[in-house]
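Input: a single structure, listed below in structure tokens.
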Amino acid sequence: MADYDFQDIETRWQKRWADEGAFEVHEDPGKPKYYCLEMLPYPSGNIHVGHVRNYCITDVISRSKTMRGFNVMHPIGWDALGLPAENAAIQRGIHPEKWTRENIAGMKRQLQRLGFSYPWSREIATCDAEYYHWNQWFFLRMLEKGIAYRANSPVNWCPSCQTVLANEQAEGGICWRCKHQVQQRDMEQWFLRITGYQDELLDDMAELDHWPERVLVQQKNWVGKSPGAEVDFPVDGLEPIRIFTTRVDTIYGATFMVLAPEHPMVDTLLEGAPDAAARKERIARLRAQDRRARLEGQVDKEGVFTGRHATNPYSGEKIPIWVGNFVLMGYGTGAIMSVPAHDERDLEFARKYGLDVRVVVQPEGPELDGATLEEAYDGEGRVVNSGPFDGLPSEEAIPKMAAWAEEKGFGKATITYRLKDWLISRQRYWGTPIPVVYCDKDGVVPVPDEQLPVVLPPDAPFTGEGGNPLEKVPAFVNATCPRCGGAARRETDTMDTFVDSSWYFYRYLSPHKDDGPADTDAVKYWFPIDLYVGGIEHAILHLVYSRFWTKMMRDLGLVDLNEPVVRLFPQGMVHRHGEVMSKSKGNTIAPDDVVARYGADTLRLYILFAAPPELPMEWSESGIEGPHRFLLRVWRLVDRHAAAFSTEPLAEVPAELPPAARDLRRKVHQTIARVTRDIEERIQLNTAVAALMELVNEIYRLEEQVAEGPGRPGLREALETVIRLLNPFTPHICEEMWTRLGHRETLVRTAWPVFDEEAAREDEIELAVQVNGKVRGRITVAREAGEETVKAKALEVVAEHLEGKQVKKVLIVPGRLVSVVVK
RNA sequence: GCUGGUGUAGCCCAACUGGCAGAGGCAGCCGACUUAAAAUCGGCACAGUGUGGGUUCGAGCCCCACCACCAGCACCA
């Protein structure tokens, strides 16, 4: 018997695939296409099991789709710009580029050792000037269209990363990368006007019917669309205070207003107020409260009365102006009207400071009383105590009252979003240089297309002493103004690396195109992406940016699409000892060790078998034994017959078969149907593997009975079916067995088995017979047996349970059971 | 607190539109092979589906109320 020498088998087949360029693809109008995408890795130094899980899923889909006759695009690349490379440079004195290239080389070796089916000629690295050239080109196009702009605004500064961050990258005041708390700073920065697409990002979700609901919900929350009204509240001798509300119908119940401590009018209001100094100091304390805690509502509501009043423009009533820590400057106008009767937060505040509570919306049922109200009523109802609007249902009052404000000139209906423009400038070296220069005479001047790419200078100093290393490279900073030819200073900020990943999937299609980012014809052929597999942690980052980028490209006339991805499949994480596997937890598994011990095929099979792909998978040291033993079992089975079959002529499986051979053939075809469906429709790869194990068990059981005689061609069919169905999961061992059975062509170019419904059909069916819901017997009937036959047989077999009782009903569920109801 | 997901054998997990709770694997037990063990081959056992109600001839699956764990959202006016 030949040993299963996985080291030898795997490296040999990897070499053959590489030599043959087995996975290279080109546009082929004669075939249906399938674009199978996975999230490209950051070259941190090692492929980890999480990546492996991601890439095993896409590899199975890609290989099976190829065998099913599709022209499959399944590319890989490197998200190669980013901070860790620069930190390595500071800490270890290795240039970011060297560090990155070495990591890429190592990780590429790891991926190749796992046998993934990539067209390596399409490999891209975003740190190639050939790639980031087009980031710059896109930036210039957006600058022309006003989508890219420079503005001064409060931004998130991460002291640990020494750079600013986009809003969604500092959620809850925490840097997404290093988890440090960010600071607020006012800085002039570059933004992309993603808010120009905010409604489209929401509306086009209707097209994303193969995206998981939880991702869409997250994105929807993040965009945070909230229709309402803005209303100006006049203040004697000052500018009016503008508030935003979603419930203008409750405005007659506004008994006070509250400004965010950072609101620009706070200081002005305090001037001339009694005890101004003391109030100022207390407000300063509110400002100093932990920002993150304030954002998350973790602090108690606190406020300071300014001593001033504003006028409710609807009622003409004077109401006190407060400053409160629960009002945020970053949302709406940073000022609210407070309606304690109908808003929980306002009620809490009002009770704490003894402010009036006035009911202005009355629901069905007992009359609400502001004085005793314990819970704010924030539902709908009939508007009361509201002057001319009394009696209106609140949903009708909202548009009427907003229209009234507009008519009178002190307000209007408006929509507020939580989404902010995408801040893309970073004060770091290892990113795409933003292609503009600053000229004393001409101001901000874009670098002309023909001068692109603006290349990162290789000789920047990585001292770690703060400041962008690019600023310290005179040859880079000192530029010529493209407009006037005079001296100019080059922009030293680089782009957010999420820019790189927003469009990389277009670049794969024409990775070396030098006169544009993407080839239009190739995009037409391959897009949209049929399946995108990756981690869900990118739900409001990469996946939103990518959707925006495609819409922007569409508006530049580059693509004819609203959405890049048809089906999104977020795979589950890998856990160990009940915790997420991560470097910081110190519980990682190195795929290399597993490959050395069990081989790539076993690792692949185990990862896919251990849990459904979308759920977390628990890594277990003993669990891997099962799939490994299974492969040995298949290997021995094929080994017993390979020599003989490889020299025998192929024979048709006869239509008439002895029972054992018939049973085997049925199982073979049932398995084809199950595995195909589990892979293609359900992406339920664990059950596909289980079905294959079942089939192999069945072959073992029947092997001796079908090895000789009319069943023999069926045995061969069974073996070859197992090999072909298993190939996407464990391609090396399958190629080897396939060859040993006498085939010359690789499985990469071999068709998927064809399902024969007739062969899969059961001839006899066993039915359970229930009496009043309890199984009391079972009968075996021919597949085509009529209802009467089934009924008679069923009643006969449970006769003793029917004695002395009256049969009320007999239900026959075809192929399942017979249910007898008696009384 | 809100939304979503998950809860099935000692463990990881199956169960198509409501139809006999068990496919697969790990661990366990018994036999065969072996001087013996491992490996291998064959076989066995184990839960009534988180809890409590309901609908139904029939519920793991549907409905209601809870519990636990996970994820997301959360003072967004």
Side-chain angles (χ1 to χ4, degrees), chain A residues 171-172 212-215 217-218 220-222 224-226 228 243-247 250 257-258 260 293-301 324-328 330-339 342-346 348-349 378 416-418 536-537 539-540 572-573 575 578 580 605-606 609-612 614-630 632-633 636 674 677 682 684 686-697 700-701 766-778 808-822:
Chain A
E171 229 199 314
E213 192 58 29
R214 57 195 165 130
V215 174
V217 166
Q218 274 190 65
K220 206 171 160 188
N221 289 341
W222 188 253
K225 181 175 185 171
S226 174
I243 59 103
F244 172 74
T245 178
T246 56
R247 290 297 302 273
T250 64
M257 55 196 307
V258 187
R294 260 187 73 199
L295 272 169
E296 295 187 354
Q298 301 292 329
V299 291
D300 287 339
K301 286 185 186 49
N325 60 350
F326 69 103
V327 177
L328 306 170
Y331 185 81
T333 60
I336 61 165
M337 65 171 191
S338 269
V339 185
H342 305 293
D343 184 287
E344 202 189 311
R345 297 153 296 175
D346 294 348
E348 193 189 330
F349 194 82
D378 60 7
T416 292
Y417 295 83
R418 177 152 88 146
I536 197 168
E537 66 275 14
I540 59 162
M573 298 198 189
H575 290 205
V580 175
L605 192 65
Y606 169 56
F609 176 64
E614 74 276 13
L615 293 183
M617 168 209 165
E618 176 70 24
W619 182 275
S620 120
E621 313 301 328
S622 54
I624 197 167
E625 293 285 348
H628 189 62
R629 285 204 277 253
F630 169 70
L632 285 165
R633 207 163 141 82
R636 282 192 302 266
R674 279 177 67 185
R677 184 167 145 265
R682 310 202 305 160
Q684 187 85 214
N686 54 324
T687 51
V689 176
L692 283 162
M693 289 175 167
E694 225 179 296
L695 173 58
V696 169
N697 290 345
Y700 263 76
R701 267 193 287 275
E766 196 188 59
L767 298 175
V769 184
Q770 292 183 342
V771 178
N772 283 354
K774 291 207 170 81
V775 180
R776 296 298 189 187
R778 38 194 87 239
K808 302 279 286 186
K809 216 194 301 184
V810 179
L811 288 120
I812 297 174
V813 184
R816 297 283 179 190
L817 53 62
V818 181
S819 182
V820 184
V821 187
V822 299

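Note that the structure is a prediction, hence the values are computed from the model and not measured. All heavy atoms count here, side chains included; hydrogens, waters and symmetry mates do not. Convention: sequence-line order gives letters A, B, ...; per-chain numbering from 1.
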Show me the protein contacts with nucleotides 24-31 of chain B, counting only N or O atoms at under 3.5 Å.
residue: B:rC26; atom: OP1; partner: A:R629; partner atom: NE; Å: 2.9
residue: B:rC26; atom: OP1; partner: A:R629; partner atom: NH2; Å: 2.6
residue: B:rC26; atom: O2'; partner: A:S622; partner atom: OG; Å: 3.2
residue: B:rA27; atom: OP2; partner: A:R629; partner atom: NH2; Å: 2.8

Between the protein and nucleotides 71-73 of chain B, which nitrogen or oxygen pairs are less than 3.5 angstrom apart?
residue: B:rC73; atom: OP1; partner: A:E171; partner atom: OE1; Å: 3.2
residue: B:rC73; atom: OP1; partner: A:E171; partner atom: OE2; Å: 2.8

Pairwise N/O distances under 3.5 Å, protein to nucleotides 56-61 of chain B:
residue: B:rC57; atom: O2; partner: A:S819; partner atom: OG; Å: 2.7

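Nearer to the 5' terminus of RNA chain B, by closest-nucleotide assignment, is the contact made by A:E618 (compared with the other of A:E618 and A:T333). Taking the nucleotide of RNA chain B with the nearest heavy atom to each of A:D346 and A:L615, the more 5' of the two is matched to A:L615.
B:rG19: Watson-Crick or G-U partner is B:rC57, with both key distances under 3.5 Å. Checking B:rG42 for Watson-Crick or G-U wobble geometry (two distances, each under 3.5 Å) identifies B:rC30 as its partner. Nucleotide B:rG1 has B:rC73 as its partner under the Watson-Crick or G-U criteria, with both atom distances under 3.5 Å.
Rounded to a whole angstrom, the distance from the C1' atom of B:rG60 to that of B:rA9 is 14 Å. Remark: the separation of the C1' atoms in B:rU34 and B:rA15 is 40 Å, to the nearest Å. Taking atom P in both B:rA45 and B:rG24, one finds a spacing of 13 Å when rounded to whole Å.
Among the heavy atoms of the strands, none lies under 4.0 Å from A:K808. In this structure, A:N686 reaches the sugar-phosphate backbone alone: every heavy-atom distance under 4.0 Å involves primed, P, OP1 or OP2 atoms, never a base. Using a 4.0 Å heavy-atom distance criterion, A:E766 is classed as a base contact. Across all strands, A:R674 comes closer than 4.0 Å to no nucleic acid atom at all (heavy-atom distances).
In this structure, the side chains of A:D346 and A:I336 come closer than 4.5 Å at one or more pairs of heavy atoms. With a 4.5 Å cut-off on side-chain heavy atoms, A:V821 and A:N772 count as touching.
In this structure, CG of A:L692 is placed 16 Å from P of B:rA14, rounded to the nearest angstrom. Distance, A:N325 CG to B:rA77 C1': 14 Å, rounded to whole Å.
Under the side chain to side chain contact (heavy atoms under 4.5 Å, CB included) criterion, A:E618 pairs with A:H575, not counting sequence neighbours. Not counting sequence neighbours, A:D378 has no partner by the side chain to side chain donor-acceptor pair (under 3.5 Å) test. Qualifying salt bridge (Lys or Arg N to Asp or Glu O under 4.0 Å) partners for A:E348, counting only residues two or more places apart in sequence or in other chains: A:K301. Shown here are the salt bridge (Lys or Arg N to Asp or Glu O under 4.0 Å) partners of A:K225, two or more places apart in sequence or in another chain: A:D199. With sequence neighbours excluded, the residues satisfying side chain to side chain contact (heavy atoms under 4.5 Å, CB included) with A:R247 are A:T245, A:D249, A:T250, A:V361, A:S394, A:I398. Shown here are the side chain to side chain donor-acceptor pair (under 3.5 Å) partners of A:W222, two or more places apart in sequence or in another chain: A:E168. For A:R682, the salt bridge (Lys or Arg N to Asp or Glu O under 4.0 Å) partners two or more places apart in sequence, or in a different chain, are A:D678. Remark: A:E537 pairs with no residue by the side chain to side chain contact (heavy atoms under 4.5 Å, CB included) rule, at least two apart or across chains. Legend: residues meeting side chain to side chain contact (heavy atoms under 4.5 Å, CB included) with A:L615, ordered by chain and number and at least two apart, are A:P612.
Note on A:Y700: a side-chain N or O is less than 4.0 Å away from OP1 or OP2 of B:rC41. One finds a side-chain N or O of A:Q684 lying less than 4.0 angstrom from the OP1 or OP2 phosphate oxygen of B:rA14. Contact annotation: A:S226 side-chain N/O to B:rA77 OP1/OP2 distance is under 4.0 Å.
Comparing B:rC41, B:rG19, B:rA77 by their nearest atom to the side chain of A:R636 picks out B:rC41.
Aromatic ring orientation, A:F244 versus A:Y331: perpendicular (interplanar angle above 60°, classes split at 30° and 60°).
Side chains of A:R418 and A:N221: no donor on one and acceptor on the other come within 3.5 Å.
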